[in-house]
Structures are given as C-alpha cells and as structure tokens.
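The next block holds one structure in the form of structure tokens; read it before the comments.
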Amino acid sequence: MASFPPPHVVEDIPELLQVFSDGTVVRSAYTYPLPIPTPPPAQPVVHWKDVVYDASHDVCKLRVYKPHASSYPSGDKLPVIVYYHGGGYIMGSFEMPCFHNCCLRLAGELPAVVLSADYRLAPEHPLPAGIDDAANVLRWVRGQAVAAAEDADPWLAELADFGRVFVAGDSGGGGVVHHTAVRLASGQVGRLDPVRVAGHVLLFPLFGGEDRTASELELPPGQLLSLPVTDKGWRILLPPGSTRDHPFANPFGPDSPAMDALPLPPMLVVVAEYDLLCDRAADYVARLKAMGKSAELVKFQGQDHGFFSVEPYGDAGTEVVRLIRRFVHDNGGVAAVSA
C-alpha cells in the first residue's frame, strides 16, 4: 500500500495561523494574541445577544448590543452601527473580548444599537466570501426594517432607527467597509430602503499595494503589524498569481472599480502614527477628497495598528468613541456631544 508523506506547513504567520499542504488551517488559541480588556467601573450597562443573519453558513451570526434604557430618553429610536471585526480577513470573531468590548463601548456611550457581525474567513472561504457576507448583513437589516412586528427582532423593532445606519470596522473589517461602500454605491447590494446608510467608519483599514509606502518602509521595530506578516497575509488571501494591486487589496489598483462617480456617503478614517498601513489610509482619504467626496482623516500620534481593539478602554480608545459619536451626530445620528 502506498504511503503518503504527512502534511507540511506551506504558509506560517507566527502566533496567528498556519496553512498545511492538505489545505488544513490551524489558528492560534482565540486567533489573536491580544490582552483581555478590563472595563473600568461605572461603564454604561449594555445588553447583548447572538442571532443568525444567514442560516446557509454556520459562521454567519452577529451580536446585537442595546444600551440600557437609562442611556437614552424613553421612546427614542437609536442609530444603528453595523460593525465588522478585524483580523486580516483570516481570523477573528465578534466573540473575542477585544472586539466585544469595543462594541460595548459604542453601544453604551453613543448610545446606539450595534450589530457586530462575523463573516466567512479565508483561506477556507476565499474572498470575496467575507465581503459577500457583509452585504448579506445589510440585507438582513433591511429584512428587519420591513418585517411585520411579530417577525422582527424585538430589540431592533423597539430601538433601531433604520434611517440612521452607519457601517464601521477595524483593520480587515475596515477593508470590508470599503468594499461594502463601493458595492452599496454601485447598486450591487440591491434595494435597501427604508434602510439608509448615512456614513462609513474605517479604523486603520487593511489596504495593500505593490509599491511600498514610507510608513511601510520606515516602521519602527516591535509594532503589531510588520511587512512579513502583511505580505504573507495577502499571499494567503489573494487569488493565485495575483499581486498586492488586486482589487481586494488596493482600492486604486489598475483593475479596482472607479469611485469617482459613486454616491458615497461621508467617511471617517482613523489611522495610527506607528501603523505601517498609515500612509495607505491617508492616501485613500486624499484621493476621495480629490474626487469631491466627504472624507475625514484623523491620525493618532504615538499609537500602533489596532489600538482601539487592543485597549478599548484606554485614553486613545475613549477618543475614538468620541470621534465616532461626533461623526454619527454630524450625519444625523445622535444627540450633540457634550463639551
């Protein structure tokens, strides 16, 4: 009987993920080596539960967060934040304490109804599977908006203002936001009314490209992301033979959809000084502005990639929450921010 050699590692992102020659994927424990956040005392009370948004895929669930009734005037409807977690399209889940605590803060302090969605991950589910799932989240939201009272999720029926929906995400989730924005504006998601997406928030979005940027070449050592990690990630993610200028990686690659004529809603983009992705996000905003789009860039000095999820209760995390609250307010979402 013929014997076959055991599977061997063909891609290895240390402490995160290994891909074997037989297609097996092994992720490290909890898939992301981040500390577990400790909420400070007196945080707003937030309730949460998990629901299925697409029963055809086991992973297509989302976590619904609603603030305690003491956080908003009785009878008010609240804006909806659809949130896509980070993890480079290859790892992560809304269940992870880092992302869970980010959404607790947003729900309690904006206040808002937050829908934190899982989506299919590569390489088991190659892109655009995860991006397709993100669109299905919005279709599910529309289904809730038009459902009969007895069929709708009671939390959304009670609190959600479907005319004030904001789509947000960090790192790989920020990339998901970009692709979702393009699909929405080009009509690829289909009819969403009465749902209105009023704005997009991209936190340190994961973009790539063949030409290196200054922040990629000059990154100080010891940061969360490095070029070897991102290069391996793109090699795992992109179709065989593709370069980092593929549309999944580079919003302005030669084959990427043009955004000049798209009716994009306002964008808020947050970057970190010590993030190798910093310059790509800054270029993204500059190009959108040159097209006449409403786009704002906020750079956090002294911070690293993913700082909001790494320390959601830190000072910088508090400022991110304040920025998102102001952005949502400015685009019709919440009461004015107090001084």
Side-chain angles (χ1 to χ4, degrees), residues 32 34 81 83-89 92 98-99 102 105-106 166-182 199-209 211-227 229-231 233-234 244 248-253 256 259 264-291 293-312 314-328 330-331:
Y32 215 54
L34 297 181
I81 309 294
Y83 195 91
Y84 302 116
H85 65 75
Y89 301 102
C98 52
F99 303 124
C102 290
R105 288 207 71 177
L106 293 172
F166 295 81
V167 181
D170 69 280
S171 192
V176 171
V177 174
H178 159 73
H179 293 295
T180 301
V182 171
H200 298 285
V201 179
L202 295 78
L203 305 177
F204 16 90
L206 177 61
F207 296 141
D211 293 337
R212 300 299 194 189
T213 66
S215 62
E216 289 173 338
L217 295 173
E218 300 168 6
L219 182 74
Q223 307 305 313
L224 183 65
L225 283 185
S226 65
L227 276 180
V229 167
T230 55
D231 285 353
W234 289 124
R244 293 187 302 273
F248 292 153
N250 188 347
F252 305 106
S256 298
M259 291 185 278
L264 296 170
M267 301 254 192
L268 171 64
V269 180
V270 172
V271 299
E273 179 185 12
Y274 297 130
D275 183 357
L276 64 82
L277 302 175
C278 178
D279 286 353
R280 293 200 181 277
D283 178 66
Y284 180 79
V285 171
R287 293 196 189 208
L288 289 179
K289 285 184 173 181
M291 298 174 196
K293 313 300 183 188
S294 174
E296 177 184 2
L297 179 72
V298 179
K299 183 175 182 178
F300 279 72
Q301 300 297 320
Q303 296 297 325
D304 191 1
H305 179 80
F307 65 86
F308 182 42
S309 53
V310 173
E311 292 187 284
D315 291 344
T318 296
E319 180 62 13
V320 168
V321 173
R322 191 197 69 80
L323 279 170
I324 295 175
R325 189 174 194 273
R326 189 260 302 157
F327 178 77
V328 170
D330 288 350
N331 292 285

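A quick note: this is a predicted structure, and the numbers were derived from the prediction, not measured.
Residue Phe207 forms a side-chain contact (heavy atoms from CB on, under 4.5 Å) with just one option from Asn250, Leu277, Leu202, and that option is Leu202.
If you take OG on Ser294 and CG on Asp330, they are separated by 9.5 Å, rounding to the nearest 0.5 Å. Interatomic distance, Ile324 CD1 to Phe308 CZ, rounded to the nearest 0.5 Å: 5.5 Å. Rounded to the nearest 0.5 angstrom, Leu268 CG and His200 NE2 are separated by 12.0 Å. The CZ atom of Phe300 lies 5.0 Å from the CD atom of Glu319; values are rounded to the nearest 0.5 Å.
Here the shortest heavy-atom pairing between Cys102 and Ser309 reads SG-CA, 3.6 Å. Heavy-atom minimum distance, Phe327 versus Pro266: CZ-O, 3.5 Å. Nearest heavy atoms, Arg244 versus Gly209: NE-O, 3.0 Å. Heavy atoms only, all atoms of each residue included: Gly169 and Val177 are closest at N-CG2, 3.4 Å. Across all non-hydrogen atoms, the minimal contact from Pro205 to Gly174 is CB-C, 3.9 Å. Nearest heavy atoms, Leu225 versus Val229: CD2-CG1, 4.2 Å.
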**OP:** Give the C-alpha distance, both sets of side-chain angles, the deciding distance and a yes or no for side-chain contact (heavy atoms from CB on, under 4.5 Å) between His305 and Leu276.
**Re:** CA-CA 8 Å; His305 179 80; Leu276 64 82; over 6 Å; no

Original post:
Going through the distances and angles, do Phe204 and Phe307 end up as a ring pair (Phe, Tyr, Trp, His ring centres under 6.0 Å)?
Top reply: CA-CA 9 Å; Phe204 16 90; Phe307 65 86; 5.4 Å; yes

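Arg105 places a side-chain N or O within donor-acceptor distance of the main-chain N or O of Pro312, the cut-off being under 3.5 Å. A donor-acceptor distance shorter than 3.5 angstrom exists from the side chain of Asp304 to the backbone of Leu224, with no hydrogens or angles considered. Side-chain atoms of His179 come within 3.5 Å of backbone atoms of Phe248 as a donor-acceptor pair (strictly under, hydrogens ignored).
The side chain to side chain donor-acceptor pair (under 3.5 Å) search around His178 returns Tyr284, not counting sequence neighbours. Taking the side chain to side chain contact (heavy atoms under 4.5 Å, CB included) definition, one finds that Ala295 meets it with Met267, Val285, Leu288, Lys289, sequence neighbours left out.
Residues Met291 and Leu264 form no side-chain contact, since every pair of their non-hydrogen atoms from C-beta on lies 4.5 Å or further apart. Counting only heavy atoms from C-beta outward, the side chains of Val176 and Tyr89 approach each other to under 4.5 Å.
Under the salt bridge (Lys or Arg N to Asp or Glu O under 4.0 Å) criterion, the residue pairs touching residues 269-282 are Glu216-Arg280, with sequence neighbours excluded.
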